[in-house]
Amino acid sequence: YYCVIKDGSDYFVGKFNGKAENLLRSPVKVKAATPITVTSKGLIVTNSSNKPVLLKTTDLTQVVNEAQENANYNAK
């Protein structure tokens, strides 16, 4: 199960088991009212910068493609 959880003034995606025990928390901040769309590639959510991002279901980290890595590298 996935839902948005609040930590202080920030929001994250949390993964829970059937007993409502928190298993994971995304390192990516999300919008409080983000939809969480489960796909075969991962979870699609809206980050705190209002951009859609794809999170891995295994650890809730952001999936980064080669174009994003290059853009991040060139921005430094």
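The chain is numbered in sequence order, starting from 1.
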Undergrad: Is there a side-chain contact between Val4 and Ile36 in this structure, where contact means two heavy atoms from C-beta onward sitting under 4.5 Å apart?
TA: yes

Undergrad: Quick one: are Ile5 and Val13 in side-chain contact, heavy atoms under 4.5 Å?
TA: no

Undergrad: Are Leu24 and Tyr1 in one and the same hydrophobic cluster, where Ile, Leu, Val, Met, Phe, Trp and Tyr link if side-chain heavy atoms are under 4.5 Å apart?
TA: no

Undergrad: Taking the side chain as C-beta and beyond, is there a heavy-atom pair between Val30 and Thr46 under 4.5 Å?
TA: no

Undergrad: Taking Asp7 for the side chain and Asp10 for the main chain, is one N or O donor matched with an acceptor at less than 3.5 Å?
TA: no

Undergrad: For the SG atom of Cys3 and the NZ atom of Lys15, what is their distance to the nearest 0.5 Å?
TA: 12.5 Å

Undergrad: Taking Ser49 for its side chain and Lys51 for its backbone only, find out whether a donor-acceptor pair lies under 3.5 Å.
TA: no

Undergrad: List the atom of Pro27, the atom of Phe12, and the distance in Å for their closest heavy-atom pair.
TA: O-CE2, 4.1 Å

Undergrad: Measuring from Tyr11:OH to Lys29:NZ, what's the distance to the nearest 0.5 Å?
TA: 12.5 Å

Undergrad: Is any side-chain heavy atom of Tyr2 closer than 4.5 Å to a side-chain heavy atom of Thr57?
TA: yes

Undergrad: Which value, rounded to the nearest 0.5 Å, describes the distance between Leu23 atom CG and Asp59 atom CG?
TA: 13.0 Å

Undergrad: For the atom pair CD (Gln62) and NZ (Lys56), what is the distance rounded to the nearest 0.5 Å?
TA: 10.0 Å

Undergrad: Step by step, work out the side chain to side chain contact (heavy atoms under 4.5 Å, CB included) result for Leu43 and Leu54.
TA: CA-CA 5 Å; Leu43 305 176; Leu54 181 64; 5.7 Å; no

Undergrad: Do Val28 and Leu60 come within less than 4.5 Å of each other through their side chains, counting heavy atoms only?
TA: no

